[in-house]
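Below you'll find the structure, written out as structure tokens, and then a few comments.
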Amino acid sequence: MSKNEFYLSQFKTLSKINPPKRVMFFDTSLRDGEQTPGLTYTIDEKIEIAKKLDELGVAKIEAGFAISSEGEAESIKKIAHEGLKSIVCSLARPIKEDIDKVLWCDVPYIHLFISTSDLHIQTMMKINRDEVLKQTIQGIEYAKSHGLRVEFSPQDATRTDMDFLIQACNTAEDAGAEVLNIPDTVGVMTPRMTFEFFSELKKHIKVPLSAHAHNDLGQAVANTLAAVEGGAEQCHVCVNGLGERAGNASLEQVAVCLAAQYEIETGLNYSKLSETSDLIQRLSGIYLPPTTPIVGDNAFAHESGIHVHGILSHSGNYEILSPEFVGRKRRIVAGKHAGRHGIESMITEMGLKPNKDQLKKIAQEVKSLGDSGKSVTDTDLYAITKNIMNIVSTDRVKLKQLVVVTGNTVKPTASVVIEVDGKEYSGSGVGNGPIDSSINAIKAVVDAFADIKLEKFMMKAITGGTDAVADVTVALRSDGRFITASSVNGDTVMASVEAILKGMNQLMEKKGA
Ligand code: KIV
Ligand code: ZN
């Protein structure tokens, strides 16, 4: 995608700065990202993530911190043997024990770090600056003499005395570090400070600089871009901005800004951004708010009448880049702000053609449903439209019976009897809980008829107390179609099952599967 295909500001300041033509992506989702409080991946999950990052085209994957546990070292070794195009690396302190563990992992690249701020040196490491320099030289030389390529990070760089930081960086490059990564370990910088910081370092350091920004004050992405403006040729990022405390700079946001706002080559396959984010959301269990830029559910969703009309006339009116560029699809959403154009385009997409009068009535019903405080899902719109157009259709999939067994001594198990096109089928499933096992049991039956994936599942308690009424909304995908459906029931399992069946019926009706 060239700059002409992004609908951005005409206002340009880039002539005053001289950013690099190409920036490398160093992804640390499996190391700093896994340091997100409460998060751990299994070895198999780490391998799946590493393969996805490789498909995405990141230059380097920090697969973990080898010395931190046996399982960690094992997963790094397995990833190193996957034959990926990305360079696989491990984090280590500049001490023999750490470096030997990295050597055991068979990776070609090591990321060595030691703190350089007086605060860390005195209160945490309880050594002095000379000792920091000595360990830096010894660690880099030991790693290099064993065939490793070395990247070096002076931890807490942005709170380090500038003269000492330059001295530490020069020491590291003289010892053989090929990249100097500058961590804003606790996210204290502003973009302007970062630009000046990197511009200054660049005057004194010959090897490429890398940025590693934390998001404690919500500036990690902006600071990473400012570091690039100041000359950084690599950036450390995490998918979905996961990481210690408030996280690291988000891979997808930095990547799209570099392409769209700076026209900088990154080597990334942008159309894989969305599926990479989805994978990390699923495996980490950390789901992004819908308003998250680039990959949030609403990033390319439009409801209000004026916006939808504008989008349908020319997408550039309210989208600065096409959703397909990052592997997403545009979503027009029905609701109280919707206009007739939007509702009509959604209904057409569903394969129905109401006349003018019917369309007016449908729009009125959608708005009054929205006014009553309900979010209008695709299946709601479908049901309203069919009702107003007097279309009678029967559900292809009907639940005949559902039995769930759960408790403290049994694995939650569900068995279902489902009628598909008038014929009864039974199936069973196990899961993490009664809802998961019920959904798995239904999928086991319906999988034979249609390839339908459950992409999102959200449950809200409408009332308080143990007798709360559950409002479940699901998003299902089939053959590139994405639809939402919801159900409200006093029984959480039934609300979930009903929402899923509604969505499945709509998808199967359109497909004629
Ligand atoms: O934030 C940080 O300082 C780090 C180092 C290990 C590079 O993650
Ligand atoms: Zn970090």
Side-chain angles (χ1 to χ4, degrees), residues 24-37 39 58 60-69 72 76 87 89-95 98-99 101-102 107 109-121 123-125 132 135-136 139-140 143 148-161 164-165 168-169 172-173 177-189 193-194 197-198 201 205 207-221 223-224 227 232 234-251 254:
M24 266 188 302
F25 272 66
F26 177 115
D27 181 275
T28 179
S29 297
L30 296 175
R31 200 277 299 168
D32 225 332
E34 207 203 17
Q35 286 171 221
T36 303
L39 174 59
V58 300
K60 297 170 194 168
I61 295 173
E62 186 163 53
F65 187 4
I67 199 72
S68 64
S69 78
E72 181 92 346
I76 299 171
I87 295 168
C89 138
S90 169
L91 182 68
R93 293 166 297 180
I95 54 179
D98 278 32
I99 300 168
K101 200 73 195 173
V102 174
V107 294
Y109 199 89
I110 190 167
H111 173 202
L112 291 175
F113 77 102
I114 190 166
S115 292
T116 48
S117 69
D118 288 332
L119 182 65
H120 278 207
I121 295 175
T123 66
M124 216 166 68
M125 295 191 293
V132 168
Q135 287 188 24
T136 300
I140 295 175
L148 290 167
R149 293 171 58 186
V150 179
E151 174 162 336
F152 177 76
S153 286
Q155 183 169 228
D156 208 15
T158 52
R159 292 192 299 174
T160 298
D161 167 70
F164 182 60
L165 180 62
C169 289
E173 65 180 344
E178 62 178 81
V179 174
L180 277 168
N181 176 57
I182 308 299
D184 183 16
T185 300
V186 284
V188 294
M189 301 296 268
M193 284 155 72
T194 306
F197 202 77
F198 275 77
L201 286 175
I205 295 161
V207 298
L209 292 178
S210 164
H212 179 111
H214 276 274
N215 205 29
D216 297 68
L217 296 174
Q219 312 246 34
V221 170
N223 285 341
T224 304
Q234 177 181 277
C235 48
H236 280 204
V237 288
C238 286
V239 176
N240 296 343
L242 297 187
E244 281 276 359
R245 305 179 308 280
N248 289 60
S250 128
L251 180 150
V254 173

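Atoms within each ligand, like the ligands themselves, are counted from 1 in listed order.
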**Request:** Could you walk me through whether Thr185 and Asp156 pass side-chain hydrogen bond (donor to acceptor under 3.5 Å, both in side chains), step by step?
**Result:** CA-CA 5 Å; Thr185 300; Asp156 208 15; 4.6 Å; no
**Request:** Give the C-alpha distance, both sets of side-chain angles, the deciding distance and a yes or no for side chain to side chain contact (heavy atoms under 4.5 Å, CB included) between Ser153 and His212.
**Result:** CA-CA 9 Å; Ser153 286; His212 179 111; 5.8 Å; no
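Close approach to His111 involves these atoms of ligand 1, each under 4.0 Å from a residue heavy atom: 7 (C). Residue contact check: Asp32 has heavy atoms under 4.0 Å from atoms 8 (O) of ligand 1. Close approach of ligand 1 to Pro183 is summarised as follows: ligand atoms under 4.0 Å from at least one heavy atom of the residue are 2 (C), 3 (O), 7 (C). The contact set between ligand 1 and His214, taken as ligand atoms under 4.0 Å from a residue heavy atom, comprises 1 (O).
In terms of heavy-atom proximity, Leu148 sits nearest to Val102 at CD1-CG1, 4.3 Å. Of all the heavy atoms in Ala227 and Ala211, the pair that sits closest is CB-CB, 3.5 Å.
Comparing heavy-atom distances from atom 6 (C) of ligand 1 across Glu62, His212, Arg31, Arg93 singles out Arg31 as nearest.
Rounding to 10 degrees gives 90° for the angle at the Zn ion (ligand 2) between NE2 of His212 and OD2 of Asp32.
At least one side-chain heavy atom of Arg159 sits less than 4.5 Å from a side-chain heavy atom of Val186. Here the side chains of Gln219 and Thr194 are not in contact, with every heavy-atom distance at 4.5 Å or above.
The closest protein non-hydrogen atom to atom 3 (O) of ligand 1 is Thr185 OG1, 2.7 Å.
The only option from Glu34, Glu62, His111, Lys60 that meets the side chain to side chain contact (heavy atoms under 4.5 Å, CB included) definition with Thr28 turns out to be Glu62.
Checked by distance only, ligand 1 and Ser153 stay at 3.5 Å or farther apart across all their nitrogen or oxygen atoms.
Using a 4.0 Å cut-off between heavy atoms, Glu244 makes no contact with ligand 1 at all.
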